[in-house]
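Just follow the structure's listing: the first ligand is 1, and inside any ligand the first atom is 1.
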Amino acid sequence: MRIITFLNQKGGTGKTTSCINVGAALSLCGFKCLLIDADPQANLSQSAGFDELQDDEITIYEALKGDDINKAIKTKEGKTKYDMIPADIRLSAGEIEFISLQRRNYILRDAIRRIETPYDFILIDCPPSLNIFTLMALTAATEVIIPVQAQYLPLKGVAQLRDTIRLVGARFNPKLKITGVLLTFFHSNQNLDNDVLEALEQAFGDKVFKTMISQNNKLAEAPGHGKDIMDYSPRSKGAQQYQALAQEILGDMKPQRG
Ligand SMILES: Nc1ncnc2c1ncn2[C@@H]1O[C@H](COP(=O)(O)OP(=O)(O)O)[C@@H](O)[C@H]1O
Ligand SMILES: [Mg+2]
């Protein structure tokens with residue numbers, strides 16, 4: 001099972017959009033996917049139509065506090081089908097509650113180990129900061145994907161992020177690897193500066209995905225309909241690009257089940 005965290009301490013870099021649409025694209029390829037919302041802002045949940053959760057519904061918050069995580073799993077139906085553990089604003093309380101726990105970094109990893117359904121992929125959406133949920137996600141993951149806005153690459157921030165991942169990896173999760181840096185909000189008339197590409201390659205070697213995600217309005221519209229891009233607008237550029245990205249992530253991996 002591959003557990004991928006979408007990470008960048010900056011907001012608005014396309015983490016949530018990439019998490020849901022990579023999940024949808026991998027599902028279409030026949031892989032069983034679970035998406036976990038680890039951001040109290042709950043954008044991932046809203047993007048799949050899981051908003052207005054009832055008080056008695058088990059979210060990621062209760063699962064992290066020890067309730068049965070299997071009861072927190074919901075299924076997104078439609079043209080695309082995958083599972084999700086949603087969050088809502090109650091998760092924000094966890095930031096204070098979990099911080100004093102000794103094994104706080106391992107809480108999500110241990111909860112994931114109690115999941116009974118066999119998944120090919122678990123994809124975790126992170127908050128736009130390096131907080132307790134981000135640390136939990138980095139500790140639970142086997143891999144990290146870093147979406148970065150192509151327009152104004154905050155290279156300093158990206159290098160800092162790489163160092164954080166190494167640090168967390170060394171301490172809590174030695175097997176953690178960076179799968180790729182994903183350029184998002186790319187303009188088709190934009191020539192990526194050679195300096196920028198060079199700096200990216202200096203920081204991440206050959207780990208920059210060949211697929212880049214263009215600026216595409218359909219990608220911004222889809223969440224308002226509670227749909228991923230493959231469900232909302234399967235022929236859009238955004239849908240094609242996220243499917244190409246899924247192929248890159250898969251490499252030569254093939255679905256195991258019928
Ligand atoms: N390639 C894109 N083209 C146009 N809008 C996008 C694209 N990717 C994301 N968006 C929109 O930009 C906003 C920020 O993206 P989001 O994925 O939520 O970023 P993050 O999770 O990193 O904060 C959202 O409103 C989203 O719908
Ligand atoms: Mg987000």
Side-chain angles (χ1 to χ4, degrees), residues 4-25 35-51 59-60 80 84-89 91-92 94-95 108 123-138 141 144-154 157-158 160-161 164-165 179-190 192 208-246 248:
I4 306 179
T5 287
F6 291 80
L7 188 77
N8 192 325
Q9 77 277 35
K10 207 169 135 11
T13 64
K15 288 179 288 298
T16 303
T17 306
S18 299
C19 184
I20 190 163
N21 291 316
V22 165
L35 279 55
I36 299 181
D37 195 347
D39 181 358
Q41 297 299 318
N43 292 147
L44 182 76
S45 311
Q46 293 151 8
S47 301
F50 296 119
D51 36 16
T59 66
I60 187 66
T80 49
M84 185 177 286
I85 300 183
D88 66 9
I89 194 66
L91 183 60
S92 56
E95 215 174 323
L108 178 58
L123 307 178
I124 308 172
D125 188 31
C126 277
S129 53
L130 293 175
N131 66 9
I132 179 69
F133 301 119
T134 313
L135 288 175
M136 281 187 200
L138 280 175
V144 179
I145 289 177
I146 307 172
V148 173
Q149 271 203 33
Q151 288 113 313
Y152 49 93
L153 278 162
V158 174
Q160 191 192 10
L161 198 58
T164 307
I165 292 167
T179 298
V181 175
L182 174 67
L183 291 170
T184 56
F185 293 91
F186 190 74
H187 285 285
S188 46
N189 59 0
Q190 179 181 27
L192 258 196
V208 184
F209 285 113
K210 287 190 190 70
T211 308
M212 299 179 191
I213 309 299
S214 305
Q215 173 89 35
N216 180 244
N217 286 342
K218 296 276 184 221
L219 284 172
E221 290 165 21
H225 299 263
K227 289 179 174 179
D228 57 72
I229 194 67
M230 263 56 74
D231 193 350
Y232 177 67
S233 182
R235 272 189 279 276
S236 64
K237 197 166 191 179
Q240 290 167 19
Q241 289 173 334
Y242 274 109
Q243 278 172 299
L245 176 64
E248 260 194 78

N/O of [X] under 3.5 Å from N/O of ligand 1, yes or no?
{"X": "Gly12", "value": "yes"}
{"X": "Asp125", "value": "no"}
{"X": "Thr17", "value": "yes"}
{"X": "Ser214", "value": "yes"}

State the atoms of ligand 1, each with its element, that fall below the 4.0 Å cut-off from a heavy-atom position in [X].
{"X": "Gly11", "result": "23 (O)"}
{"X": "Leu219", "result": "1 (N), 2 (C), 27 (O)"}
{"X": "Ile213", "result": "1 (N)"}
{"X": "Thr13", "result": "19 (O), 20 (P), 22 (O)"}

Nearest-contact summary for [atom] - protein heavy atom, Å:
{"atom": "atom 19 (O) of ligand 1", "result": "Gly14 N, 3.1 Å"}
{"atom": "atom 18 (O) of ligand 1", "result": "Thr16 CB, 3.9 Å"}
{"atom": "atom 6 (C) of ligand 1", "result": "Phe185 CE2, 3.4 Å"}
{"atom": "atom 27 (O) of ligand 1", "result": "Ala220 CA, 3.4 Å"}
{"atom": "atom 4 (C) of ligand 1", "result": "Asn216 O, 3.2 Å"}

Does the residue Thr184 have a heavy-atom contact with ligand 1, meaning some pair of atoms that are separated by less than 4.0 Å? no
Using modelled atom types only, decide if a donor and an acceptor are shared between the side chain of [X] and the backbone of [Y] within a distance under 3.5 Å.
{"X": "Thr179", "Y": "Ile145", "result": "no"}
{"X": "Ser236", "Y": "Lys218", "result": "no"}
{"X": "Thr13", "Y": "Pro147", "result": "yes"}

For [X] and [Y], which heavy atoms make the closest approach, and how far apart are they?
{"X": "Ala38", "Y": "Leu91", "answer": "C-CD2, 3.8 Å"}
{"X": "Ser45", "Y": "Ala87", "answer": "OG-N, 2.9 Å"}
{"X": "Met230", "Y": "Asn21", "answer": "CE-O, 3.3 Å"}
{"X": "Leu35", "Y": "Cys19", "answer": "CD2-O, 3.9 Å"}

Got Asp37 and Phe50 here, is their nearest side-chain heavy-atom distance under 4.5 Å? no
Heteroatom test (N, O or S) for Thr16 near the Mg ion (ligand 2), limit 2.8 Å: yes
Looking at atom 24 (C) of ligand 1, is any protein heavy atom nearer than 4.0 Å to it? no
Under 3.5 Å side-chain donor-acceptor pair for Ser214 and Gln241: yes
Is it true that the side chains of Ser18 and Tyr242 contain a donor and an acceptor less than 3.5 Å apart? yes
